[in-house]
Number of protein chains: 2
Amino acid sequence: MRDCIHYGTCTICCCESTPPLFRKLSKTEFNELHSERKEVVFKAGEVIFKQGTALTHFACFREGMAKVYYERPEGSNMLVNIVGAGRICSGIGLYTDNIHHLTVQALTDVNLCLIATKDIEAVIEKSKVMAIEMITLTNQNSIQFTHKLANLTYKSMAGRVAEVLLYLQNEIYESERFTLNLSRQDLADLAAMTKESFIRTLKELKDAGIIKVNRNQVEIVKLNSLTKISNS
Amino acid sequence: MRDCIHYGTCTICCCESTPPLFRKLSKTEFNELHSERKEVVFKAGEVIFKQGTALTHFACFREGMAKVYYERPEGSNMLVNIVGAGRICSGIGLYTDNIHHLTVQALTDVNLCLIATKDIEAVIEKSKVMAIEMITLTNQNSIQFTHKLANLTYKSMAGRVAEVLLYLQNEIYESERFTLNLSRQDLADLAAMTKESFIRTLKELKDAGIIKVNRNQVEIVKLNSLTKISNS
DNA sequence: TCAATATATTGATATATGTCAATTTATGAA
DNA sequence: TTCATAAATTGACATATATCAATATATTGA
């Protein structure tokens with residue numbers, strides 16, 4: 001349980017480790033969102049937001065993890081990122097076409113708060129702080145996409161696999177040892193390659209002693225080497 | 001010369017065919033940006049914004065065209081899009097790190113107005129209309145990036161080349177016949193492949209009678225076929 | 001105009017990555 | 001537990017795409 005700037009230490013508000021989007025709001029502004037929130041639980045595997053459907057709510061993750069991906073016409077998925085506690089999810093349809101452009105699916109049981117976009121819009125109308133935070137969030141998204149685009153279109157498989165591992169270490173599990181709750185297919189979707197290719201490349205890294213892999217247990221042994229490879 | 005909602009028909013204001021970002025501003029709000037604008041001319045080939053440098057201004061294009069690209073560490077470029085008259089350029093560093101994440105280079109002689117980000121921020125602070133327009137713009141960016149990412153990572157070369165041609169037809173030249181002012185290398189950078197591969201694929205489309213190509217003259221003959229290919 | 005340079009094109013070849021099939025290993029329900 | 005199903009792994013092979021080199025064509029500046 002982490003500090004909440006609006007309600008002290010709390011377990012049931014959507015702001016447990018308040019998402020950045022709401023961090024600078026006044027108590028009044030924040031409460032307008034907080035009081036209207038819907039707390040929902042999803043089981044692992046359930047779809048939280050579905051690409052192509054109406055964007056009516058943002059999700060604030062309190063517990064658990066979900067994968068965010070683009071569903072291609074022919075069925076394969078492009079995994080964009082993983083979201084966990086304290087993260088806000090969805091939004092790129094806001095003030096545009098009000099449609100979800102990505103699907104979000106629970107990887108573990110997930111506990112989140114839904115906040116209606118109409119409430120968020122109402123606060124944006126009133127509060128320049130909120131408006132600016134929203135601009136910040138969307139621009140951060142764009143920056144992330146720019147780098148993702150550049151990386152996926154020019155790096156070799158080894159580079160992309162290494163990058164995925166570093167992403168998991170730094171952004172998701174925050175440790176050089178972690179237990180995956182993503183399938184090999186998910187990891188391959190994250191690196192934009194087939195699962196067979198991902199597995200083979202992973203094995204090469206293992207055989208080179210750069211990582212240890214045993215089923216879903218991963219340990220990054222030679223961080224320097226992996227970082228070097230991630231730039232290739 | 002097109003209508004300008006703020007000054008009637010005008011040739012020297014930055015709002016000739018006012019960029020969407022400013023279209024809904026009141027005259028007062030708009031004037032705050034307009035009066036502080038700097039009109040600048042760039043020659044073909046000159047760099048307008050350089051990736052990695054400080055983001056201090058937005059550019060509103062009045063005349064000419066420029067390419068927007070990401071410069072990779074090893075020297076190759078990923079071309080993101082082309083901008084022309086009436087388009088706003090740059091922004092994804094705003095309210096984040098205030099850095100240009102992409103380079104913008106003039107393809108033809110370019111005539112544009114520079115508007116300081118501090119002025120834009122000042123208007124955002126005062127006007128919810130402007131704030132919302134900015135959110136809209138950045139979200140449109142994100143949507144565009146999402147689709148670009150999905151397309152570049154799974155389509156075959158033929159699909160990507162077809163898509164580039166359709167992009168040029170629909171978004172840039174607005175005609176099924178056009179004279180390229182992009183090099184083959186630029187086109188290849190847009191399709192995320194080598195120029196040799198681009199040229200070969202272009203030739204295949206030509207040999208199949210789907211397009212006509214003669215140097216920089218391009219004509220799309222069988223739109224249906226090209227559209228079908230663009231999905232492969 | 002001509003040489004010098006950049007850009008475009010083509011061909012031969014190498015290589016990275018995907019595809020398909022077979023096998024192993026895990027997982028979950030009865 | 002045991003079967004049935006799904007996921008992971010491995011190997012052989014096909015193919016898309018990049019690389020490198022040679023040539024052709026255009027462009028530019030003196």
Side-chain angles (χ1 to χ4, degrees), chain A residues 43-45 67 72 74-79 105 107-109 151-165 179-207 211-218 229-230 232, chain B residues 43-45 67 72 74-79 105 107-109 151-165 179-207 211-218 229-230 232:
Chain A
K43 292 218 183 311
K67 58 181 178 181
R72 297 201 175 104
E74 25 69 69
S76 71
N77 298 327
M78 179 188 70
L79 224 156
Q105 186 181 22
L107 287 168
T108 63
D109 289 357
N151 287 333
L152 290 183
T153 54
Y154 96 103
K155 285 186 180 173
S156 69
M157 288 203 303
R160 271 139 54 208
V161 169
E163 191 173 74
V164 165
L165 292 171
T179 304
L180 289 164
N181 43 18
L182 294 155
S183 69
R184 294 294 193 265
Q185 183 65 62
D186 288 335
L187 296 173
D189 290 345
L190 206 46
M193 63 181 70
T194 60
K195 66 175 183 310
E196 292 93 335
S197 290
F198 190 95
I199 289 166
R200 264 185 268 271
T201 311
L202 203 65
K203 191 163 183 259
E204 280 169 28
L205 292 173
K206 181 184 176 181
D207 291 347
I211 58 171
K212 286 183 187 169
V213 187
N214 188 350
R215 289 207 31 67
N216 287 329
Q217 303 284 335
V218 177
I229 290 170
S230 80
S232 64
Chain B
K43 293 220 182 309
K67 59 181 178 181
R72 296 198 177 105
E74 25 68 71
S76 70
N77 298 325
M78 180 190 68
L79 222 156
Q105 185 181 22
L107 287 167
T108 63
D109 289 356
N151 288 332
L152 290 182
T153 53
Y154 96 102
K155 284 185 181 173
S156 70
M157 287 204 301
R160 270 141 53 210
V161 168
E163 192 173 73
V164 164
L165 292 172
T179 304
L180 290 164
N181 44 18
L182 294 155
S183 69
R184 294 292 193 266
Q185 182 66 63
D186 288 336
L187 297 172
D189 289 344
L190 206 47
M193 62 181 70
T194 61
K195 67 175 182 310
E196 292 93 335
S197 289
F198 190 95
I199 289 166
R200 265 185 268 271
T201 311
L202 204 65
K203 191 163 184 260
E204 281 169 27
L205 292 173
K206 181 185 176 181
D207 292 348
I211 57 170
K212 286 183 187 167
V213 186
N214 189 349
R215 291 205 29 66
N216 287 330
Q217 303 285 336
V218 177
I229 291 169
S230 80
S232 66

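Letters go in sequence order (proteins before strands), and every chain restarts at 1. Note that the structure is a prediction, hence the values are computed from the model and not measured.
Among dT9(C), dG18(C), dT10(C), the nucleotide with an atom closest to any side-chain atom of Thr194(A) is dG18(C). Among dT19(D), dA8(C), dT19(C), the nucleotide with an atom closest to any side-chain atom of Ser183(B) is dA8(C). Minimum atom distance to the side chain of Ile199(A) is reached by dT9(D), of the listed dG18(C), dT9(C), dT9(D). Nearest nucleotide to the Met157(A) side chain, out of dT9(D), dT17(D), dT17(C): dT17(C). Considering only the side chain of Arg160(A), dT17(C) comes nearest among dT17(C), dT10(D), dA18(D). Distance from the side chain of Ser156(B) is smallest to dT17(D) among dG18(C), dA21(D), dT17(D).
In summary, the side chains of Arg160(B) and Ser197(B) do not present any donor paired with an acceptor at a separation below 3.5 Å, with no hydrogens or angles considered.
Gln185(B) places its CD atom 8 Å from the P atom of dA8(C), with the value rounded to the nearest Å. The CG atom of Leu152(B) sits 15 Å away from the C1' atom of dT17(D) (whole-angstrom rounding). Summarising the geometry, the separation between CZ on Arg184(B) and C1' on dT9(C) is reported as 9 Å, rounded to the nearest angstrom. What separates CD of Glu204(A) from C1' of dT17(C) is a distance of 12 Å, to the nearest Å. Here the C1' atom of nucleotide dA26(C) and the CG atom of Asn214(A) are 13 Å apart, to the nearest Å. Rounding to whole angstrom units, NZ of residue Lys155(A) and P of dA16(C) are separated by 18 Å. What separates CD of Glu196(A) from P of dC20(C) is a distance of 10 Å, to the nearest Å. One atom, NZ of Lys195(A), and another, C1' of dA21(C), lie 12 Å apart when rounded to the nearest Å.
Both Phe198(A) and Asn216(A) lie close to DNA chain C; mapped to their nearest nucleotides by heavy-atom distance, the more 5′-ward contact belongs to Phe198(A).
In this structure, Asp186(A) CG and Phe198(A) CZ are separated by 10.0 Å, a value rounded to the nearest 0.5 Å.
In terms of polar N and O atoms assigned as donor or acceptor, the side chain of Arg200(A) never comes within less than 3.5 Å of the base of dG18(C) in a complementary pairing.
A heavy-atom distance below 4.5 Å is not found between the side chains of Asn77(B) and Lys67(B). Using a 4.5 Å cut-off on side-chain heavy atoms (C-beta onward), Ile199(A) and Leu187(A) make no contact. Taking the side chain as every heavy atom from C-beta outward, Leu202(A) and Ile211(A) approach each other to under 4.5 Å.
Among the atoms of the strands shown, only primed sugar atoms or phosphate atoms (P, OP1, OP2) are found under 4.0 Å from some heavy atom of Arg215(B).
OP1 and OP2 of dT17(C) both lie 4.0 Å or more from every side-chain N or O belonging to Ser197(A).
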